[in-house]
Engineer: 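Quick one: structure below, then a few questions.
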Amino acid sequence: MDKTKLRQQALFLRTSLFQEGFLDEQFIELEDLQDDVNPNFVEEIVTLFYSDSVRLIFNIERGLMSNPPNFTKLDDYMHQFKGSCSSIGAKKVKTECSRFSEYCAAENFEGCFRTFQQINAEYTTLKKKLQTYFQVSITFSVIF
């Protein structure tokens with residue numbers, strides 16, 4: 001693949017992440033912090049987000065399995081996860097986290113459970129899209 005096609009593909013993938021609502025302006029702010037000294041800064045921050053997310057998602061799953069569920073603790077875990085999402089600009093996931101918190105406040109287990117399934121779906125989709133974007137971006141920067 002030539003330089004122009006790789007650049008266009010990376011630009012298309014990045015643009016679609018914003019147009020489809022997966023990312024917000026926080027991601028742009030992270031990109032602004034990336035420089036020649038740390039050319040993979042954004043990818044490193046996103047990788048840290050993934051690592052942190054595994055722990056938080058596990059804690060939320062475990063909390064949803066407890067009987068009766070501790071909605072305060074669930075909301076605390078979700079608040080942490082939402083903060084992590086905010087730090088990278090994961091807009092769709094962050095929005096679902098807010099919905100989950102509303103269901104926690106209402107002590108609505110079914111709402112929490114359904115919203116958590118949606119969070120997982122949005123998170124998985126975002127992760128796949130970002131991995132593809134970073135892969136193309138790295139290929140572009142390594143080749144050229």
Side-chain angles (χ1 to χ4, degrees), residues 1 5-143:
M1 199 176 267
K5 286 184 181 178
L6 273 174
R7 178 180 283 147
Q8 287 174 340
Q9 186 178 11
L11 182 59
F12 172 79
L13 291 168
R14 183 185 177 281
T15 301
S16 68
L17 283 162
F18 287 95
Q19 288 177 341
E20 295 172 20
F22 285 101
L23 296 175
D24 64 21
E25 63 281 345
Q26 179 60 33
F27 190 82
I28 296 168
E29 290 181 28
L30 287 176
E31 289 177 323
D32 289 344
L33 297 173
Q34 189 163 283
D35 57 19
D36 292 338
V37 175
N38 197 353
N40 299 322
F41 176 75
V42 177
E43 185 178 15
E44 290 169 8
I45 295 298
V46 171
T47 299
L48 289 172
F49 164 72
Y50 296 149
S51 298
D52 194 40
S53 297
V54 168
R55 176 184 54 82
L56 292 169
I57 288 170
F58 174 78
N59 288 339
I60 295 165
E61 285 175 338
R62 193 175 61 205
L64 285 169
M65 287 188 253
S66 64
N67 191 12
N70 182 331
F71 290 103
T72 302
K73 191 172 252 186
L74 280 168
D75 192 41
D76 287 345
Y77 290 138
M78 189 55 70
H79 183 74
Q80 291 174 44
F81 186 56
K82 182 181 175 186
S84 292
C85 292
S86 295
S87 72
I88 67 155
K91 185 178 178 179
K92 279 188 175 185
V93 181
K94 183 175 68 171
T95 299
E96 292 301 320
C97 290
S98 294
R99 286 186 50 215
F100 185 95
S101 290
E102 291 170 11
Y103 285 122
C104 282
E107 297 191 358
N108 180 334
F109 176 79
E110 289 300 319
C112 287
F113 186 79
R114 283 191 316 272
T115 303
F116 186 65
Q117 288 176 320
Q118 185 64 34
I119 288 168
N120 274 325
E122 296 294 352
Y123 172 81
T124 300
T125 302
L126 174 66
K127 187 173 180 178
K128 287 177 185 173
K129 287 179 177 281
L130 281 173
Q131 285 173 334
T132 302
Y133 168 66
F134 288 132
Q135 191 173 34
V136 170
S137 296
I138 288 171
T139 301
F140 173 76
S141 63
V142 167
I143 292 174

Engineer: Is NZ or CZ of K91 both nearer than 6.0 Å to the six-membered ring centre of F22 and within 45° of the ring axis?
Structural biologist: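 Here K91 fails the 6.0 Å and 45° test against F22.
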
Engineer: Looking at side-chain heavy atoms only, is the closest gap between N59 and F81 below 4.5 Å?
Structural biologist: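 Sidechains of F81 and N59: no contact.
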
Engineer: Taking the side chain as every heavy atom from C-beta outward, state whether N38 and E44 have any atom pair closer than 4.5 Å.
Structural biologist: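 Heavy-atom side-chain distance check passes, below 4.5 Å.
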
Engineer: Can you tell me how far apart CD1 (I28) and CG (D32) are? Round to the nearest 0.5 Å.
Structural biologist: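 The CD1 atom of I28 sits 7.5 Å away from the CG atom of D32.
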
Engineer: Would a distance-only check, ignoring hydrogens and angles, find a side-chain to backbone donor-acceptor pair under 3.5 Å from S66 to G63?
Structural biologist: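 Confirmed, S66 side chain pairs with G63 backbone.
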
Engineer: Among T95, I57, V93, find the residue that satisfies the side-chain contact (heavy atoms from CB on, under 4.5 Å) test when tested with I119.
Structural biologist: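 Of T95, I57, V93, side-chain contact (heavy atoms from CB on, under 4.5 Å) with I119 is met by V93 alone.
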
Engineer: Atom CD of Q131 and atom CG of L126: how far apart are they, to the nearest 0.5 Å?
Structural biologist: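 Separation between the atoms: 9.5 Å.
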
Engineer: Please name the residue in the list F71, F100, Y103 that meets the side-chain contact (heavy atoms from CB on, under 4.5 Å) test with N108.
Structural biologist: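 Among the candidates, only Y103 passes.
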
Engineer: Let me confirm one number: the OH-SG distance from Y123 to C97, rounded to the nearest 0.5 Å.
Structural biologist: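 Interatomic distance, Y123 OH to C97 SG, rounded to 0.5 Å: 11.5 Å.
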
Engineer: Using a strict threshold of under 4.0 Å (side-chain N to carboxylate O), is an ion pair present between R99 and E102?
Structural biologist: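 A salt bridge is absent here (no side-chain N lies under 4.0 Å from a carboxylate O).
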
Engineer: How many angstroms lie between CD in Q135 and CG in L130, if you round to the nearest 0.5 Å?
Structural biologist: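 Taking CD in Q135 and CG in L130, the distance rounds to 12.5 Å.
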
Engineer: Assign the ring pair F134 / F27 to parallel, tilted or perpendicular, where the plane angle (0 to 90°) is split at 30° and 60°.
Structural biologist: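 The rings of F134 and F27 sit tilted, inter-plane angle from 30° to 60°.
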
Engineer: Report yes or no: do E122 and Q118 form a side-chain donor-acceptor pair below 3.5 Å?
Structural biologist: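 Note: E122 and Q118 side chains meet the donor-acceptor criterion.
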
Engineer: Where the side chain of Q26 meets the backbone of I88, is there a donor-acceptor pair that is under 3.5 Å apart?
Structural biologist: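 No, the answer is negative, given that no donor and acceptor are paired below the 3.5 Å cut-off.
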
Engineer: If you measure only the distance, is there a donor-acceptor pair under 3.5 Å linking the side chains of K82 and S101?
Structural biologist: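 No, because no side-chain N or O of K82 sits under 3.5 Å from a partner of the opposite role on S101.
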
Engineer: Kindly compute the distance separating OG1 (T72) from NE2 (H79), expressed to the nearest 0.5 Å.
Structural biologist: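 The distance works out to 13.5 Å.
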
Engineer: How many angstroms lie between atom OH of Y77 and atom CZ of R55, to the nearest 0.5 angstrom?
Structural biologist: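 Reported to 0.5 Å precision, the distance equals 9.0 Å.
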
Engineer: Are any non-hydrogen side-chain atoms of P69 and L74 less than 4.5 angstrom apart?
Structural biologist: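 Answer yes - side chains close enough.
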
Engineer: Where the side chain of S16 meets the backbone of L13, is there a donor-acceptor pair that is under 3.5 Å apart?
Structural biologist: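 Yes; at least one donor-acceptor contact below 3.5 Å.
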
Engineer: Which heavy atom in T115 sits nearest to a heavy atom in E96, and how many Å separate them?
Structural biologist: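 Residues T115 and E96, closest heavy atoms: CG2-O, 3.3 Å.
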
Engineer: Check this for me: K73, atom NZ, are more than 12 non-hydrogen atoms of other residues, nucleotides or ligands nearer than 6.0 Å?
Structural biologist: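 Open.
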
Engineer: Counting only heavy atoms not in F12, do more than 12 fall under 6.0 Å of its CZ?
Structural biologist: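 Open: at most 12 neighbouring heavy atoms sit under 6.0 Å from CZ of F12.
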
Engineer: For K129 and Y133, run side chain to side chain contact (heavy atoms under 4.5 Å, CB included): C-alpha distance rounded to whole Å, both residues' side-chain angles, the deciding distance at 0.1 Å, then the answer.
Structural biologist: CA-CA 6 Å; K129 287 179 177 281; Y133 168 66; over 6 Å; no

Engineer: Got a salt bridge between K92 and E20, using NZ or NE/NH1/NH2 to carboxylate O under 4.0 Å?
Structural biologist: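 No salt bridge links K92 with E20.
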
Engineer: Between F49 and C85, does a side chain to side chain contact (heavy atoms under 4.5 Å, CB included) hold up when you go through it step by step?
Structural biologist: CA-CA 8 Å; F49 164 72; C85 292; 3.9 Å; yes

Engineer: For E43 and L30, run side chain to side chain contact (heavy atoms under 4.5 Å, CB included): C-alpha distance rounded to whole Å, both residues' side-chain angles, the deciding distance at 0.1 Å, then the answer.
Structural biologist: CA-CA 10 Å; E43 185 178 15; L30 287 176; over 6 Å; no

